[in-house]
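Worksheet: the structure to be examined is printed underneath.
Residue numbers begin at 1 in each chain, while the letters A, B, ... track the order of the sequences. Below, all heavy atoms of this structure are taken into account, side chains as well, without hydrogens, waters or symmetry copies. Remember, it's a predicted structure, so these values are computed and weren't measured experimentally.
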Number of protein chains: 2
Amino acid sequence: MAHDHAHEHPKQELSSLTEQLRRKALKITGPRRRILDLLRNQPHPMTNKEVFAALGEGCDLATIYRSMHMLVGMGMVKRYDFGDGVARFELVSEGGDDHHHHLICRECSKIIEIDECFPGEFQDQIAAASGYRDVTHTLEFFGVCPTCQ
Amino acid sequence: MAHDHAHEHPKQELSSLTEQLRRKALKITGPRRRILDLLRNQPHPMTNKEVFAALGEGCDLATIYRSMHMLVGMGMVKRYDFGDGVARFELVSEGGDDHHHHLICRECSKIIEIDECFPGEFQDQIAAASGYRDVTHTLEFFGVCPTCQ
DNA sequence: CTCGATGCAAATCGTTTGCACGTGC
DNA sequence: GCACGTGCAAACGATTTGCATCGAG
């Protein structure tokens with residue numbers, strides 16, 4: 001069901017995260033540790049600027065952009081696009097089956113995580129009919145939240 | 001079903017389009033006529049830069065941005081976001097029930113229009129459970145087209 | 001010690017805007 | 001003629017990149 005805050009996706013431990021970096025022969029630096037630790041405690045996707053503001057002097061903005069790109073590339077972080085021209089990033093939760101979507105208020109930008117998705121056969125049928133392989137999708141909902149109505 | 005090119009959405013006549021502008025007391029200028037006429041003949045969404053390239057000296061890039069914004073505002077054009085940081089625009093087809101999505105090749109960006117959508121109850125249920133009103137969604141598919149496999 | 005990572009600043013890219021001029025109606 | 005629309009250039013915000021330095025392994 002749609003849930004407001006503190007979604008129940010189990011966020012990975014920092015030790016587990018740094019271990020993943022180590023496995024790929026990537027360095028565990030202060031900035032990277034700080035970024036991962038911050039994302040671990042976020043219920044919703046964050047923009048790079050928000051991460052920058054939260055980390056203060058802890059990390060350069062360019063480093064955040066570079067880190068996010070790297071983390072997305074290795075599948076530890078997922079990138080979302082809410083149509084306002086700013087990328088948002090969310091830590092992928094433990095199991096890996098953290099496929100979910102968002103419902104964003106058009107007025108105040110309040111976000112609710114949506115765990116449900118449409119039946120998989122819908123997408124399978126599209127893949128079959130088109131001949132495309134490895135089909136994925138992006139799906140976000142927009143509306144007006146109770147407060148803003 | 002998913003179809004390759006020349007989707008069957010009936011594109012509006014230029015005369016019908018300019019009539020809509022007139023109704024809103026907006027001026028029918030050369031640039032606007034050229035933009036609408038170009039969009040009428042496009043099977044897929046176009047970026048502003050593509051429109052600019054297609055129109056050559058016919059219209060300034062800033063005018064294209066301003067026109068698209070205006071056309072989206074009055075519901076004659078729909079804006080799409082394929083996650084690459086560039087907005088794309090498509091003329092809304094005649095009836096108005098032209099709600100559709102796209103399947104984009106991750107390799108060559110080839111686009112296929114998808115007319116189907118998931119059952120409306122799915123979205124209704126999300127709206128009901130969250131208390132959000134006027135809920136809409138963005139949904140795009142990504143995969144690897146037959147040619148690029 | 002070595003190579004990847006960082007900070008800083010400059011560059012790029014999509015998009016927006018200020019302003020003087022041009023033109024539908 | 002007036003208000004809206006346009007062209008041109010400057011401004012902007014998000015993201016990327018070049019380069020010298022720094023630090024994890």
Does R33(B) have any salt bridge (charged side-chain N to carboxylate O under 4.0 Å, His left out) partners at least two apart in sequence or in another chain, and if so, which? none
Separation of L21(A) atom CG from dA5(C) atom P, in whole Å? 9 Å
Without decimals, in angstroms, what is the distance between R32(A) CZ and dG7(C) C1'? 14 Å
E57(A) CD to dT6(C) P, in whole Å, measures 16 Å
Any donor-acceptor N/O pair, Q123(B) side chain to G120(B) backbone, under 3.5 Å: no
Atom-pair distance (CE on M68(B); C1' on dT15(C)), nearest Å: 13 Å
For nucleotides 10-13 of chain C, give me every protein contact, N/O to N/O, under 3.5 Å, one pair per line with atom names.
none

Heavy-atom nearest nucleotide on DNA chain C taken for P31(A) and for A87(B); more 5' hit belongs to P31(A)
Return the value, rounded to whole Å, for the distance between atom CG of D60(A) and atom P of dG4(C). 20 Å
Tell me every residue that passes side-chain contact (heavy atoms from CB on, under 4.5 Å) with Y65(A), counting only those two or more places apart in sequence or in another chain. N48(A), L61(A)
Is there a ring-ring contact (aromatic ring centres under 6.0 Å, His included) between H101(B) and Y80(B) once you walk through the steps? CA-CA 9 Å; H101(B) 304 289; Y80(B) 290 98; 8.1 Å; no
What nitrogen or oxygen pairs link the protein and nucleotides 20-25 of chain D at under 3.5 Å?
unit_1, atom_1, unit_2, atom_2, d
dG23(D), N2, K27(A), NZ, 2.9

Parallel, tilted or perpendicular, judged at 30° and 60°: which one describes the rings of F141(B) and F118(A)? tilted
Any non-hydrogen side-chain atom of L103(A) less than 4.5 Å from a side-chain atom of E140(A)? no
Take atom CZ of F52(A) and atom P of dC8(C), then tell me their distance rounded to the nearest Å. 9 Å
If I take atom CZ in residue R33(A) and atom C1' in nucleotide dT6(C), what distance separates them, rounded to the nearest angstrom? 15 Å
Run the side-chain contact (heavy atoms from CB on, under 4.5 Å) test on F52(A) and C59(A) for me, step by step, so that the C-alpha distance in whole Å, both residues' side-chain angles and the decisive distance to 0.1 Å come before the verdict. CA-CA 7 Å; F52(A) 181 59; C59(A) 182; 5.9 Å; no
For atom NZ of K24(B) and atom C1' of dG5(D), their distance in whole Å: 18 Å
Pick out the pairs of N or O atoms, protein on one side and nucleotides 16-18 of chain D on the other, that lie under 3.5 Å.
unit_1, atom_1, unit_2, atom_2, d
dG18(D), O6, R66(A), NH1, 3.2

Assess the pair H137(A) and H99(A): is the distance between their ring centroids shorter than 6.0 Å? yes
I'd like to know whether E90(A) forms a side-chain contact (heavy atoms from CB on, under 4.5 Å) with L39(A), so could you lay out the CA-CA distance, the side-chain angles of the two residues, the decisive distance to 0.1 Å, and finally the verdict. CA-CA 7 Å; E90(A) 197 170 51; L39(A) 289 182; over 6 Å; no
Stepwise side-chain contact (heavy atoms from CB on, under 4.5 Å) check, T18(A) with R32(A): CA-CA 9 Å; T18(A) 55; R32(A) 287 184 180 173; over 6 Å; no
For R88(B), the salt bridge (charged side-chain N to carboxylate O under 4.0 Å, His left out) test, sequence neighbours excluded, returns D84(B)
